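In what follows, a single structure is set out as structure tokens and then discussed.
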Protein chains: 2
Amino acid sequence: MRPSARKIASVLTQKGYKLTAQRRAVIDVVVNSRQHLSPAALYERVRRTHPAIGLVTVYRTLEMLYELGLICRVHRGGKSRSYTLAPSVHHHHLVCAQCGTVADFTRCDLEVLQQRISRETGFKIEGHLLQFLGHCRDCQTRA
Amino acid sequence: MRPSARKIASVLTQKGYKLTAQRRAVIDVVVNSRQHLSPAALYERVRRTHPAIGLVTVYRTLEMLYELGLICRVHRGGKSRSYTLAPSVHHHHLVCAQCGTVADFTRCDLEVLQQRISRETGFKIEGHLLQFLGHCRDCQTRA
DNA sequence: ATAGTAAGTGAAAACCCTTTTCAGTTAGAT
DNA sequence: ATCTAACTGAAAAGGGTTTTCACTTACTAT
Ligand SMILES: [Mn+2]
Ligand SMILES: [Mn+2]
Ligand SMILES: [Zn+2]
Ligand SMILES: [Zn+2]
């Protein structure tokens with residue numbers, strides 16, 4: 001279940017953040033976007049309904065939502081980051097090296113590996129970062 | 001087995017690249033460094049023996065070595081890239097969230113997962129990024 | 001409602017890392 | 001020794017992100 005704009009707004013006020021028109025606008029765009037979007041792309045969309053907003057505010061709002069765990073961030077080597085609504089289910093990303101398309105997948109099944117590594121190294125493991133890189137169906141066809 | 005500077009140099013000449021003093025200097029530093037280093041860090045080291053070299057040349061040489069598969073590149077979200085000699089064994093990292101210690105591990109066993117994801121998404125998967133985060137033995141004891 | 005105040009905003013500049021440009025230099029072939 | 005495409009370094013440009021700062025605004029307390 002995807003969080004609604006209202007739910008996100010209520011988290012903000014509850015945490016003591018002010019609910020400004022700019023923040024509402026950014027949240028709306030994030031909630032209504034299916035794909036991962038860069039700050040610039042989100043900015044462009046937010047401007048359609050809120051032309052006076054500054055790119056800086058988009059950056060700041062995204063950082064805030066990210067810190068609150070409300071959106072997730074994908075790093076794409078060298079290029080810009082991209083953000084999307086944090087889904088409730090644990091998942092990972094599959095990134096197309098050519099066009100940048102991001103697909104999600106769930107069930108990473110790392111528990112067995114994690115236990116082995118933990119045993120071998122003595123680390124207490126608390127999280128993992130997993131991402132696959134490849135070429136999406138479209139880019140394969142095009143090639 | 002780590003490749004030697006001589007071996008790398010011979011690959012360059014064989015591919016038709018000129019063997020300049022600057023390239024030799026960069027290669028020497030890369031070969032003699034155990035850790036992943038950023039272009040700026042490598043530049044600083046190369047300057048010790050070759051003060052007149054330009055940072056641009058370091059970037060160009062690293063890019064060339066990377067394209068030839070002689071060194072590998074790690075993207076660290078937002079920050080600079082870092083490079084290291086391409087190791088013969090595929091491995092991943094375990095990072096301590098408290099002290100930053102990095103441990104290596106091999107045998108990531110992602111093939112089964114990779115095949116499932118590939119089937120489900122249509123992606124042709126070419127690589128993966130896997131990293132565990134936790135607390136090392138020392139930091140656990142200290143806490 | 002009003003006033004007060006800390007939080008938030010946008011323009012511009014600063015910052016980093018990286019790439020491009022270009023005139024001058026050099027490795028390696030002949 | 002000569003030639004020339006490859007290479008170099010300085011400088012500028014590029015692209016994304018963060019900082020700065022004077023101004024504005026959302027919320028709190030009257
Ligand atoms: Mn995702
Ligand atoms: Mn692996
Ligand atoms: Zn693609
Ligand atoms: Zn530690």
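Model, not experiment: these values are computed from the prediction. Chain A is the first sequence line, chain B the second, and so forth, proteins listed ahead of strands; every chain is numbered from 1.
- Proximity of B:R23 to the phosphate of D:dT8: a side-chain N or O atom is located under 4.0 Å from OP1 or OP2.
- Here the side chains of B:L12 and B:M64 are in contact, with some heavy-atom distance below 4.5 Å.
- In this entry the distance linking CD of A:E63 with P of D:dT19 reads 10 Å, nearest Å.
- Nearest nucleotide to the side chain of B:V56, out of D:dC27, C:dT9, C:dT20: C:dT20.
- When distances run from any side-chain atom of B:R60 to the nucleotides D:dT19, C:dT21, D:dA5, the shortest one goes to C:dT21.
- Spacing between atom CG of A:L62 and atom P of D:dT17 amounts to 10 Å, rounded to whole angstrom units.
- Note: CD1 (A:I53) to C1' (D:dT24) measures 15 Å, nearest angstrom.
- Distance, B:R24 CZ to C:dA27 C1': 10 Å, rounded to whole Å.
- B:L55 has its CG atom 16 Å from the P atom of D:dA12, to the nearest Å.
- Which of D:dC7, D:dT18, C:dC17 sits closest to the side chain of B:Y59 comes down to C:dC17.
- At whole-Å resolution of the value, NZ in B:K18 and C1' in D:dA6 are 4 Å apart.
- The distance from atom CZ of B:R107 to atom NE2 of B:H90, rounded to the nearest 0.5 Å, is 12.0 Å.
- Between A:F132 and A:F105, the ring planes are tilted. Angles from 30° to 60° get that label.
- The shortest non-hydrogen separation linking A:A25 to A:T49 is CB-OG1, 4.5 Å.
- Whole-Å rounding puts the A:I27 CD1 to C:dG8 P distance at 12 Å.
- Each of B:Y43 and B:Y17 has a nearest nucleotide on DNA chain D; the 5'-most of these lies closest to B:Y17.
- Looking at heavy-atom distances under 4.0 Å, B:A40 makes no contact with the nucleic acid at all.
- Within the 4.0 Å cut-off from OP1 or OP2 of C:dG10, at least one side-chain nitrogen or oxygen of A:Q22 is found.
- In this structure, B:Q14 atom CD and C:dA27 atom C1' are separated by 18 Å, rounded to whole Å.
- A donor-acceptor pair is defined here as one N or O able to donate and one able to accept, closer than 3.5 Å; no such pair exists between the side chain of A:S33 and the backbone of A:Q35.
- At least one side-chain nitrogen or oxygen of A:T20 sits closer than 4.0 Å to the OP1 or OP2 atom of C:dT9.
- Residue A:R81 has no polar side-chain atom (N or O) positioned under 4.0 Å from OP1 or OP2 of D:dG16.
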